[in-house]
Amino acid sequence: MGLKKAFKKLPASFYRLDALEVARALPGRILVTDRDGIRTSGRIVEVEAYTGVNDRAAHSFGGRRTPRTEVMYAAGGVAYVYLCYGIHHLFNVVTGPEDNPQAVLIRGIEPLEGITDMLLRTGKTKADSTLTRGPGNVSRALGLHTADTRTALDGDRMFIMDDGFRYADQLLGVSPRIGVDYAGEDAQLPYRFYIKGNPYVSGKPR
DNA sequence: GAGTAGATCCTCT
DNA sequence: GAGGATCTACTCA
């Protein structure tokens, strides 16, 4: 691998912060997976925060604890991947201290390394903006599935880097989350953070 | 370009 | 046994 200096892997302590703080800090960072010698990475451009027991949209709302959601109660810094609609794998970062079940859903990245492998995994023939737009596509392109739940995010197989790049403050958009209408009033909470105008952000451009 | 239906399977009641 | 933190293709205009 190349120069290490400019690329700083985010430490486990970063993920112990609240989901909202982590979510605000993630756009612009680089998500990397290294599986079977295949390295793929992309710059995060869209995330959503799920703030735990008080958040109707979160799997852990009301302190619900099941075999599936158990990993959300771990200390921040591990992956939570689960299957949605029987088709899509959704990749989350568990955040907050132990027994505070929060998470951040990664919804969109801008591909950087391993684009050829992403095409193979997704079965696409050209690298257009649909390659890694939307949480289902992100997981597919990075080769993530439910078995990757509990993988440490400060290890070698999966991590997030800070390469010093920063989006301008005015490019960071905030909006309600997507697909959580069932959550009542909580569906309106401004917990989605995205880069305005970026083609890898799901939903309508603004 | 906008709206809608169908895919598909694991998890919890 | 129901339903879900979604995506794509197809229709109609």
Side-chain angles (χ1 to χ4, degrees), chain A residues 15 18-20 22-24 26-27 31 42 44-74 76 78-96 100-111 118-150 153 173-194 197-206:
Chain A
Y15 302 101
D18 286 342
L20 282 171
V22 173
R24 259 193 293 265
L26 282 182
L31 175 62
I44 296 169
V45 296
E46 185 185 1
V47 300
E48 284 177 1
Y50 290 82
T51 60
V53 295
N54 296 316
D55 181 358
R56 296 190 88 83
H59 291 159
S60 54
F61 172 66
R64 216 158 49 120
R65 197 160 185 154
T66 68
R68 179 178 68 149
T69 62
E70 181 66 27
V71 64
M72 290 187 73
Y73 290 80
V78 294
Y80 171 35
V81 186
Y82 83 97
L83 184 66
C84 183
Y85 295 97
I87 304 173
H88 304 290
H89 295 271
L90 273 60
F91 169 62
N92 299 254
V93 173
V94 175
T95 72
N100 191 332
Q102 309 182 23
V104 174
L105 170 67
I106 309 297
R107 296 188 52 90
I109 66 173
E110 185 175 324
M118 292 185 190
L119 289 172
L120 284 174
R121 284 170 178 158
T122 56
K124 293 177 188 291
T125 51
K126 60 178 184 170
D128 60 16
S129 63
T130 67
L131 183 59
T132 53
R133 180 171 62 191
N137 290 330
V138 169
S139 303
R140 224 179 348 162
L142 294 177
L144 300 172
H145 54 105
T146 53
D148 294 301
T149 284
R150 294 179 185 280
L153 291 172
V174 179
S175 81
R177 292 168 292 186
I178 293 181
V180 296
D181 297 340
Y182 63 87
E185 290 182 3
D186 288 349
Q188 302 305 316
L189 293 170
Y191 286 177
R192 171 172 174 256
F193 303 93
Y194 63 98
N198 188 289
Y200 295 95
V201 173
S202 62
K204 294 178 184 175
R206 302 197 179 184

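Side-chain atoms of A/Y182 come within 3.5 Å of backbone atoms of A/A57 as a donor-acceptor pair (strictly under, hydrogens ignored). Remark: the backbone N or O of A/Y80 is paired with a side-chain donor or acceptor of A/N92 at under 3.5 angstrom. Of the possible polar contacts, one joining the A/D148 side chain to the A/H145 backbone as a donor-acceptor pair under 3.5 Å is found.
Between the CZ atom of A/F61 and the P atom of B/dT11 there is a distance of 22 Å, given to the nearest Å. In this structure, A/L144 places its CG atom 16 Å from C1' of C/dT6, rounding to the nearest Å. C/dG4 atom P lies 15 Å from atom CZ of A/R177, rounded to whole Å. Rounded to an integer number of Å, the gap from A/E70 CD to B/dT11 C1' is 15 Å. Spacing between atom NE2 of A/H89 and atom P of B/dT8 amounts to 13 Å, rounded to whole angstrom units. Atom OH of A/Y82 and atom C1' of B/dC10 are 11 Å apart (whole Å). To the nearest angstrom, P of C/dA5 lies 12 Å from CE of A/M72.
Side-chain N/O atoms of A/Y182 include one lying less than 4.0 angstrom from OP1 or OP2 on C/dA5. Residue A/H88 places none of its side-chain N or O atoms closer than 4.0 Å to OP1 or OP2 of C/dA5. Residue A/K124 has a polar side-chain atom (N or O) positioned under 4.0 Å from OP1 or OP2 of C/dT8.
Across all strands shown, B/dA2 pairs with C/dT11; the Watson-Crick or G-U wobble distances both stay below 3.5 Å. Shown here, C/dA5 forms no base pair; nothing in the strands shown gives a Watson-Crick or G-U wobble contact with both key distances under 3.5 Å.
If you check every strand for non-hydrogen atoms under 4.0 Å, A/R140 touches sugar and phosphate atoms only. Residue contacts for A/N137: at a heavy-atom cut-off of 4.0 Å it reaches the sugar-phosphate backbone alone, with no base atom in range. A/R68 comes within contact range of the sugar-phosphate backbone alone, with a heavy-atom separation under 4.0 Å but no base atom that close.
Using a 5.5 Å limit on the distance between ring centres and a 30° limit on the angle between planes, the aromatic ring of A/Y85 does not count as stacked on the six-membered base ring of B/dA7.
Checked for salt-bridge contact, A/R177 and A/D55 meet the test: a charged N lies under 4.0 Å from a carboxylate O.
Of the candidate nucleotides C/dA5, B/dT8, C/dC7, B/dT8 has the atom nearest to the side chain of A/I87. The nucleotide whose nearest atom lies closest to any side-chain atom of A/Y50 is, among C/dT6, C/dA5, B/dT13, C/dA5. You'll find that the side chain of A/N92 is closest to C/dA5, out of C/dA5, B/dT13, C/dC7.
Distance check, rounded to the nearest 0.5 Å: CD1 of A/I106 to CG of A/L26 gives 5.0 Å.
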